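Below is one structure; the comments refer to it alone.
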Amino acid sequence: MKKFLVKISFTLTILALIAYPLDLVISCQLKRNNSFEGELEVWNDIYNATNNYPIAIYGSSRAWIHVNSKIIEKELEKPTYNYGVNGYHFPMQYFRHQELLRFNNAPELIIITLDATSFQKLENLYNKVQFLPFVIYNNKMQDFVSNYNGFSYTDLNFPLCRYQGEDLVLLELIRDLVNPQSELRYQGFAGKDKKWTKDFIKAKNEFGTIEIVLDAGIIELFNKFISECKSKGIEVVMVYPPEYVDGQNFVSNRDQVINLYERLAARNSLKFLNYSKDQLSYEKKYFYNATHLNLMGANIFTDKLAKDLKKTEYFSDN
Amino acid sequence: MLFNSLDFAIFLPVVFVLYWFVFNKSLKWQNLLVAAASYLFYGWWDWRFLSLILFSTLVDYFVGQHLGKTESPTRRKVLLWISILVNLGFLGFFKYYNFFLDNFKSAFSVAGYELNANSLNIILPVGISFYTFQTLSYTIDVYKKRLEPAKNFISFAAFVSFFPQLVAGPIERATNLLPQFYRNRKFEYSQGVDGMRQILWGLFKKVVIADNCAVYANHIFENSADMSGSTLLLGAVFFTFQIYGDFSGYSDIAIGTARLFGFNLMQNFAFPYFSRDIAEFWRRWHISLSTWFRDYVYIPLGGSRGGTWMKVRNTFIIFIVSGFWHGANWTFIVWGALNAIYFLPLLLAKRNRQNMEVVAQNSYLPSFKELWQMSLTFGLTVIAWVFFRAEDIGHAISYLGGMFSFSLFEFFRLEYGELISLILILILVIIEWFGRENQYAIEKVNKFKFIYRYLFYLSILSLIFWFYADNENFIYFQF
């Protein structure tokens, strides 16, 4: 019996000893990967504590696809980084903001892009691969992602478990070893050089119209974010980027949502740059779907945004 | 409680420690622990059905005791029939009531009468077909005086409910398992390691092979009307390996677990897909059930003695009853009958016992003749499994009709997951081929050098880890 138990313990110890370093190796290799919408690049830049940019752009895909950091940088003559996180609502953007402040200098100006779903609750993690290399080594991220469906207790607490069955990650790691690829994003921005796709028609056929349920807790969190920024001397500008006109009635209470943003801006004395009815919204050639500008549209929009930002108090004072 | 669950991963070491370190001083206490752990194991699924096992155990225990005390043939017969009626009564009610009712209603309807009886919403207790047959084997063997009545109730209760094989076999004979509860058990290192190894292999077959094949087999069978013949063939092959991985995997885990507690269970699968004819297949597939039917149904019916008609009749009875044992659906009956049809030519030509030894013994590869025989037998089995898996007879016929159409030769692009599943099947077949002379495929891995042995275990563990999904039940739980 003694020999049996010793062997079992030995085997389990070997497994545990292999599991931790292997987890570390996989995580380190995955961090270098530029797929998965380039989110890993942004997390790396944050955690490597190299991101001391005075201008920061926050938001969802309507930030990282729409606001070209290079154009803002050139126009406003200040280094700029785009922290847009694909597919997420404001709480995830706020979490990224907190992590940014934890490891880097605070920005001077935050341009926060909003969309119809920014204040809507989200239950499932989207593109959870972006958290894989960090999550068991970062308690804050672990706590935050556990608010969503996507990781089990064992995933978050034991090595390798979260990689189980992730075939795509495995293939990406192998591809990366054979053929490493260059970065997808430039200081967080990656425009999409795409023509109009049928994404929107597909969504419309599937859902008809949708009604956004605004979450009081998220609105409160947003107010908290604004007051924290004010206390730290960070200027915040709210932006609503253009949406293609045919898609504007996809969200049945879109006007109600935009009204809320206007009220929030007024209450907090913030500048709200609303491009929801901008001329760009009528030009299909600038979009690849109803809510996303293509590269050409994004560059024109960013140029316009930069010029409008220049007129704000922040730039006239500085 | 499923073998491939976290619950079992906690349950097993706890019971193991209690068994060998706390209750090891007394055989009675060890048996009591086995019985209690088995009831917990079963009650984890649905505690209400514990009363069913307990009642069955009480009836058979007292029948056994009385059989031991009386020599009167009439009384003995009455006692035997009490046991048979109680056990088969439960099985009949829970498993077959609705089937018979629906078929009677249909038959009467054809004759112009309408029966006013409603189907009942009956939950089938997990493993009822297995433990019913196990406890029946006890009563019949005591009746036939092949076995002494159980010495005490605790040993008997532990025998009936023995958790490793309670819900999906192997269906143990009382003559093999019950005496093991009377003997002092001593932990043996080699037996323990062997048990762990067999558990590992069983998990591989279940988690890696069966659960992966299940995804594609389910998809293809559920959408068979839209699939080409070649895809349907692929679906049938996936199911063929799913059911093998699932059921033989369960048996391996059961046998391995029993070995950890010092018990030896019978081999249930002996590499059936390497069989050279259907008779050999049935000597290698679900051995505990086949031999149960042979000993308690086929031989009492006259077996292969008597004339040709008797042999044919008995063969059909045994295969059809075996099919019906699997479930209350005509698909299982046809599956059984089809196997009888496959078997019959061998029986009539007296060639049903020509392939008794392991294929290509002492050689690496089979001869062309053996390869052809194995392929043909495998092909016939794949066709039969279509009936086993189909929703109803119509579905099975349309599936086979689609499979044997011109589109059988149509090219199709394999999905990534399908390709992975085929690679995994290939790995299984290679390992099983090289281990086919043993009780289970990786039995002789302990002969490898330390480093190769651990690398092998690590590879199997990695595959289990990677493909583990906790959503697939064991197919045979429904029987």
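Just so it is clear, the values below take in all heavy atoms, side chains as well, and ignore hydrogens, waters and symmetry mates. Convention: sequence-line order gives letters A, B, ...; per-chain numbering from 1. This is a predicted model, so every value here is computed, not measured.
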L160(A) versus chain B, the contacting section by heavy-atom distance below 4.5 Å =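 Both the backbone and the side chain of L160(A) come within 4.5 Å of chain B.
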What part of L22(A) lies closer than 4.5 angstrom to a heavy atom of chain B: side chain, backbone, both or neither?
->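 Neither part.
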Which heavy atom of [X] sits nearest to which heavy atom of [Y], and what is that distance?
{"X": "V193(B)", "Y": "F4(A)", "answer": "N-CE1, 3.7 Å"}
{"X": "F10(A)", "Y": "Y454(B)", "answer": "CD2-OH, 4.0 Å"}
{"X": "W466(B)", "Y": "Q164(A)", "answer": "O-NE2, 3.5 Å"}

Contacting moiety of [X], where chain A heavy atoms sit under 4.5 Å:
{"X": "L458(B)", "result": "side chain"}
{"X": "F465(B)", "result": "both"}
{"X": "L260(B)", "result": "side chain"}

Tell me, with the steps shown, if I14(A) and Y457(B) meet side chain to side chain contact (heavy atoms under 4.5 Å, CB included).
-> CA-CA 12 Å; I14(A) 294 266; Y457(B) 293 150; over 6 Å; no
Gap separating the [atom1] atom of [X] from the [atom2] atom of [Y], nearest 0.5 angstrom:
{"X": "M1(A)", "Y": "K186(B)", "atom1": "CE", "atom2": "NZ", "answer": "10.5 Å"}
{"X": "T11(A)", "Y": "L461(B)", "atom1": "OG1", "atom2": "CG", "answer": "9.0 Å"}
{"X": "F187(B)", "Y": "L5(A)", "atom1": "CZ", "atom2": "CG", "answer": "7.0 Å"}
{"X": "F467(B)", "Y": "D167(A)", "atom1": "CZ", "atom2": "CG", "answer": "6.0 Å"}

Return yes when atom [atom1] of [X] has more than 12 non-hydrogen atoms of other residues, nucleotides or ligands closer than 6.0 Å, and no otherwise.
{"X": "W196(A)", "atom1": "CH2", "answer": "yes"}
{"X": "K121(A)", "atom1": "NZ", "answer": "no"}
{"X": "Y452(B)", "atom1": "OH", "answer": "no"}
{"X": "F21(B)", "atom1": "CZ", "answer": "yes"}

